[in-house]
Amino acid sequence: MQDLFLSDVMDHQPAVMKYVTQNTLDLFHSDHLVRICAPMVRYSKLAFRTLVRKYDCDLCYTPMIIAADFVKSVKARDSEFTTNQGDRPLIVQFAAKEAQVLADAASLVSPFASGIDLNCGCPQRWAMAEGYGACLINNPELVSDMVKQVRNQVGDPGFTISIKIRIHADISRTVDLCRKAEAAGVSWITVHGRTHDERHQPVHYDAIKSIKESLSIPVVANGDVKSLKEAENIREITGADGVMAARGLLANPAMFAGYEETPLACIQDWIDITLEHGTPFTCLHHHLIYMMERITSKQEKRVFNVLSSTSAVLDYLRDHYGIQ
């Protein structure tokens, strides 16, 4: 399936190039737990999204993209956003701090994606210093303005605008933020159940439950999802409509299909997909290191993790696991 870069399609007729998809919100209007691949810098790119979709992932996000750079630069658009016809439904996540810039970025991707997401949860210092990410949870009026501007500028009623947030220590402030976003027209809200300064502390599922009970739009739970059973338990605890996984899917892309560890068939699929897409060696190898963490010994890791070429990786997988 041909990969498409945004600059390749901008000048073509929309009737030929635009992808017609069902409203992504329909995923949430059933008893089915919506299983979502999180936005992951360097990792949730097209090849990996293709893999997890084969293993019961319902919805995928791109890595976070800086909206201002995306709007200004063709080079940024080509390097940051690649998709194809099978890559649906797809949410493009942007970091933004100005409503018009976010709306312009949304307009650029709207013919080729199912929706956009505003990152209001990245806790990294550089992002918060620039006015992006988790600092936005303290500015609900700006978040609401950005949602409204995208709604006004993108005419497709099926195009979604969601936000991904972290929580405040005072959960009432988070509920207020979410209610204002809901009133502005946000499609759903993903809640990472930690504050911006928490990293590996337990996830506050009670906070996600409080947010879900305060809203009428879908809520997605995020944080420490390592298996399908855990995802289902989190839904029971929080009442969330969907569950988003990041590191759990890196370690086991077949997680949402019920596998407890990465099956060899999934590793074979990854090799096939990356060779078809022309995935750079570093990306191919890093994903395999994550996938094989639970199924390789320390001695095997010492050898596999320092391999330095695609051919060396393919030879190793063939010799040790029968993967062609």
Side-chain angles (χ1 to χ4, degrees), residues 1-5 32-63 79 82-90 224-234 243-324:
M1 189 174 296
Q2 183 182 9
D3 296 352
L4 298 175
F5 297 89
H32 171 73
L33 172 66
V34 183
R35 305 165 188 188
I36 304 171
C37 175
M40 292 177 278
V41 174
R42 295 186 302 278
Y43 291 114
S44 62
K45 294 189 174 184
L46 176 59
F48 187 70
R49 298 194 301 265
T50 303
L51 179 66
V52 296
R53 290 184 195 279
K54 289 175 69 74
Y55 291 91
D56 293 353
C57 186
D58 300 308
L59 178 62
C60 293
Y61 282 54
T62 68
S79 64
T82 308
T83 188
N84 62 27
Q85 289 181 328
D87 190 27
R88 295 294 178 277
L90 175 66
D224 287 357
V225 183
K226 305 255 177 65
S227 70
L228 178 60
K229 184 176 181 181
E230 283 187 11
E232 291 169 341
N233 287 341
I234 289 166
V243 172
M244 176 182 283
R247 286 175 293 182
L249 278 176
L250 284 180
N252 178 10
M255 179 186 82
F256 283 141
Y259 292 92
E260 293 298 318
E261 59 188 28
T262 308
L264 292 183
C266 183
I267 295 173
Q268 178 71 70
D269 286 334
W270 175 241
I271 294 300
D272 294 342
I273 290 166
T274 53
L275 293 179
E276 179 184 349
H277 286 256
T279 301
F281 167 73
T282 301
C283 178
L284 179 155
H285 191 218
H286 281 183
H287 274 289
L288 285 171
I289 290 171
Y290 277 113
M291 289 181 206
M292 297 173 68
E293 172 72 23
R294 299 179 194 171
I295 62 176
T296 51
S297 66
K298 288 184 179 179
Q299 184 176 353
E300 288 174 315
K301 288 181 179 67
R302 279 196 292 269
V303 175
F304 183 79
N305 292 3
V306 297
L307 295 176
S308 58
S309 71
T310 297
S311 60
V313 166
L314 295 179
D315 288 345
Y316 185 95
L317 293 175
R318 182 192 64 233
D319 295 343
H320 290 77
Y321 295 98
I323 293 173
Q324 299 299 316

message: Consider side-chain contact (heavy atoms from CB on, under 4.5 Å). Of Leu314, Val313, Leu307, which one does Thr310 pass it with?
response: Leu314

Nearest-0.5 Å distance that lies between atom CD1 in Ile36 and atom SG in Cys57: 8.0 Å

- prompt: Rounded to the nearest 0.5 Å, how far does CZ of Arg49 lie from CG of Leu51?
  reply: 12.5 Å

field: Short side-chain donor-acceptor distance under 3.5 Å, Arg88 and Thr83
entry: yes

- request: Would you indicate whether the side-chain heavy atoms of Phe48 and Tyr43 approach each other to under 4.5 Å?
  value: no

message: What's the separation between atom CG in Leu284 and atom OG1 in Thr274, rounded to the nearest 0.5 Å?
response: 4.0 Å

message: Applying side chain to side chain contact (heavy atoms under 4.5 Å, CB included), can you list everything that pairs with Asn233, at least two apart in sequence or on another chain?
response: Lys229

- request: Calculate, to the nearest 0.5 Å, the distance between atoms CD1 and CG belonging to Ile234 and Asp224 respectively.
  value: 7.5 Å

field: OH (Tyr316) with more than 12 external heavy atoms under 6.0 Å
entry: yes

Non-hydrogen side-chain atoms of Asn84 and His277 separated by less than 4.5 Å: yes

- prompt: Would you call Leu288 and Ile271 a side-chain contact if the rule is heavy atoms closer than 4.5 Å?
  reply: yes

query: side chain to side chain contact (heavy atoms under 4.5 Å, CB included) with Glu230: which residues, sequence neighbours excluded?
result: Lys226, Ser227

- prompt: So do the side chains of Lys45 and Thr279 get within less than 4.5 Å of each other, counting heavy atoms only?
  reply: no

task: Keeping to residues at least two apart or across chains, list the salt bridge (charged side-chain N to carboxylate O under 4.0 Å, His left out) pairs with something in residues 283-307.
output: none

message: Holding to salt bridge (Lys or Arg N to Asp or Glu O under 4.0 Å), I want the full list of residues that pass it with Asp269, two or more places apart in sequence or in another chain.
response: none

Asp58 side chain near His32 side chain, heavy-atom distance below 4.5 Å: yes

Within-4.5 Å side-chain heavy-atom neighbours: Thr296 and Tyr321: yes

- request: Can you measure from CE (Met292) to CG (Leu317) and round to the nearest 0.5 angstrom?
  value: 5.5 Å

task: Identify the two heavy atoms, one from Ser44 and one from Ala38, that lie closest to each other, and give their separation to 0.1 Å.
output: CB-O, 3.5 Å

- line: Looking only at heavy atoms, the pair that brings Ala231 and Val225 closest together is CB-CG1, 3.9 Å

message: Using 0.5 Å steps for rounding, measure from the CG atom of Asp56 to the CG atom of Leu33.
response: 11.0 Å

For residues 250-267, tabulate all N or O donor-acceptor pairs below 3.5 Å that involve a side-chain atom, not counting sequence neighbours.
unit_1 : atom_1 : unit_2 : atom_2 : d
Asn252 : OD1    : Ala254 : N      : 3.1
Asn252 : OD1    : Met255 : N      : 3.4
Asn252 : ND2    : Tyr259 : O      : 2.7
Thr262 : OG1    : Ala251 : O      : 2.8
Thr262 : OG1    : Met291 : O      : 3.0

- prompt: Can you tell if the side chain of His285 reaches within under 4.5 Å of the side chain of Phe304, non-hydrogen atoms only?
  reply: yes

- prompt: Who passes side chain to side chain contact (heavy atoms under 4.5 Å, CB included) against Arg318, sequence neighbours left out?
  reply: Asp315, Gln324

message: Side chains of Pro39 and Met244, heavy atoms from C-beta outward: is any pair under 4.5 Å?
response: yes

